[in-house]
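See below for the structure under consideration.
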Amino acid sequence: MRSGDIARAWFEMCRMGDVMLFENLATDDFICHGPGGMGDRDTFLDWLRWYPRAFSEQRPSLEDVIDGGDRVVARYTVRSTYRGGYLDLPGRDQEVEETGIIIFRLDDGKVAETWFEGNDLEVAQQLGGRVHAPER
């Protein structure tokens with residue numbers, strides 16, 4: 001599979017919450033890194049089952065895909081409808097726009113590791129969330 005195909009398949013998998021596609025795309029020892037820390041296959045599968053329920057009607061757009069051998073970088077935008085379940089923010093069928101970058105490390109044509117950086121704060125703000133300084 002070419003790098004662009006891997007990135008497109010990954011976003012289709014996330015859009016649908018497709019566990020079987022994950023099984024085909026990822027290695028057995030898959031590791032993910034993101035704002036919440038590091039996780040394994042089970043951690044990611046929990047997220048994969050949650051994400052399309054919380055953010056439905058996803059319309060992903062790959063803005064850039066850069067092939068670096070065993071590394072693939074994808075810059076993306078996902079527009080979706082928020083249904084609830086994110087940071088205890090109530091779901092009001094709001095349209096949201098998420099942007100971010102994912103770095104994939106490939107091993108024998110499968111995704112072995114990902115690093116994710118997204119605009120989580122902006123997504124929360126689009127949904128009415130507010131940041132408060134900790135009290136001292």
Side-chain angles (χ1 to χ4, degrees):
M1 211 182 269
R2 294 182 348 204
S3 57
D5 296 334
I6 289 170
R8 278 186 286 284
W10 194 264
F11 280 91
E12 180 64 13
M13 172 197 70
C14 293
R15 185 179 75 77
M16 301 298 295
D18 191 334
V19 172
M20 293 306 296
L21 185 51
F22 175 76
E23 297 295 336
N24 292 329
L25 287 174
T27 62
D28 291 339
D29 58 349
F30 172 81
I31 297 172
C32 56
H33 306 269
M38 185 174 87
D40 59 10
R41 287 176 68 85
D42 290 336
T43 303
F44 185 82
L45 286 169
D46 288 344
W47 176 88
L48 184 61
R49 291 179 186 104
W50 166 81
Y51 182 64
R53 288 192 317 265
F55 296 93
S56 67
E57 301 169 10
Q58 294 177 26
R59 297 168 307 283
S61 174
L62 289 175
E63 312 302 343
D64 291 299
V65 177
I66 302 166
D67 187 340
D70 72 338
R71 300 284 199 279
V72 175
V73 179
R75 183 176 65 88
Y76 69 89
T77 301
V78 176
R79 291 170 184 84
S80 62
T81 303
Y82 177 63
R83 304 289 184 199
Y86 179 60
L87 299 175
D88 295 326
L89 295 167
R92 296 188 186 106
D93 297 339
Q94 298 146 284
E95 292 294 313
V96 295
E97 182 177 284
E98 169 191 346
T99 61
I101 295 173
I102 299 178
I103 302 170
F104 302 92
R105 182 178 63 81
L106 306 179
D107 183 10
D108 199 25
K110 288 191 164 196
V111 178
E113 200 165 4
T114 59
W115 292 265
F116 161 77
E117 292 293 332
N119 68 331
D120 294 350
L121 177 59
E122 284 182 42
V123 170
Q125 289 173 331
Q126 291 173 52
L127 299 172
R130 299 289 175 252
V131 175
H132 301 279
E135 295 193 24
R136 294 181 185 234

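With sequence neighbours left out, D107 forms a side-chain hydrogen bond (donor to acceptor under 3.5 Å, both in side chains) with no residue at all. With sequence neighbours excluded, the residues satisfying side-chain hydrogen bond (donor to acceptor under 3.5 Å, both in side chains) with R8 are D5. Residues passing the salt bridge (charged side-chain N to carboxylate O under 4.0 Å, His left out) test with R79, sequence neighbours excluded: E97. Shown here are the salt bridge (charged side-chain N to carboxylate O under 4.0 Å, His left out) partners of D93, two or more places apart in sequence or in another chain: R83. Residues meeting the salt bridge (charged side-chain N to carboxylate O under 4.0 Å, His left out) test with D46, sequence neighbours left out: R49. Scored by the side-chain hydrogen bond (donor to acceptor under 3.5 Å, both in side chains) test, E117 finds no partners at all (sequence neighbours excluded). For Y51, the ring-ring contact (aromatic ring centres under 6.0 Å, His included) partners at least two apart in sequence or on another chain are W47, F55. Listed by chain and residue number, R75 satisfy the side-chain hydrogen bond (donor to acceptor under 3.5 Å, both in side chains) test with D64 (two or more places apart in sequence, or in another chain). Residues passing the ring-ring contact (aromatic ring centres under 6.0 Å, His included) test with Y76, sequence neighbours excluded: F11.
L21 CG to M16 CE: the interatomic distance, rounded to the nearest 0.5 Å, is 10.0 Å. Between atom CG of residue N119 and atom OG1 of residue T99 there is a gap of 3.5 Å, rounded to the nearest 0.5 Å.
Across every non-hydrogen atom of I31 and M38, the tightest pair is CG2-CG, 3.5 Å.
Side-chain contact between E12 and D18 is absent, with no heavy atoms from C-beta onward closer than 4.5 Å. No side-chain heavy atom of F22 sits under 4.5 Å from any side-chain heavy atom of V111.
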Dump the intermediate steps for side-chain hydrogen bond (donor to acceptor under 3.5 Å, both in side chains) on E63 and T77, then the final yes or no. CA-CA 7 Å; E63 312 302 343; T77 301; 2.9 Å; yes
Report the C-alpha separation of R59 and E95 in whole Å, then their side-chain angles, then the decisive distance to 0.1 Å, and conclude whether the side-chain contact (heavy atoms from CB on, under 4.5 Å) test is met. CA-CA 11 Å; R59 297 168 307 283; E95 292 294 313; 2.8 Å; yes
Given the rule in the side-chain contact (heavy atoms from CB on, under 4.5 Å) test, do V131 and L121 qualify, once you have shown the distances and angles that lead to the verdict? CA-CA 8 Å; V131 175; L121 177 59; 3.2 Å; yes
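Grouping Ile, Leu, Val, Met, Phe, Trp and Tyr residues whose side-chain heavy atoms lie under 4.5 Å apart, directly or via other members, places W115 in a hydrophobic cluster with I66, V73, I101, I103.
Aromatic ring pairs are classed by plane angle as parallel below 30°, tilted from 30° to 60° and perpendicular above 60°; the pair W10 and F104 is perpendicular.
Residue pairs meeting the salt bridge (charged side-chain N to carboxylate O under 4.0 Å, His left out) criterion with at least one member in residues 120-136: none, sequence neighbours excluded. Residue pairs meeting the side-chain hydrogen bond (donor to acceptor under 3.5 Å, both in side chains) criterion with at least one partner in residues 20-39, sequence neighbours excluded, are E23-R41, T27-D29, H33-E113.
Clustering ILVMFWY residues whenever any of their side-chain heavy atoms sit less than 4.5 angstrom apart, transitively, puts M20 in a cluster other than the one holding L45.
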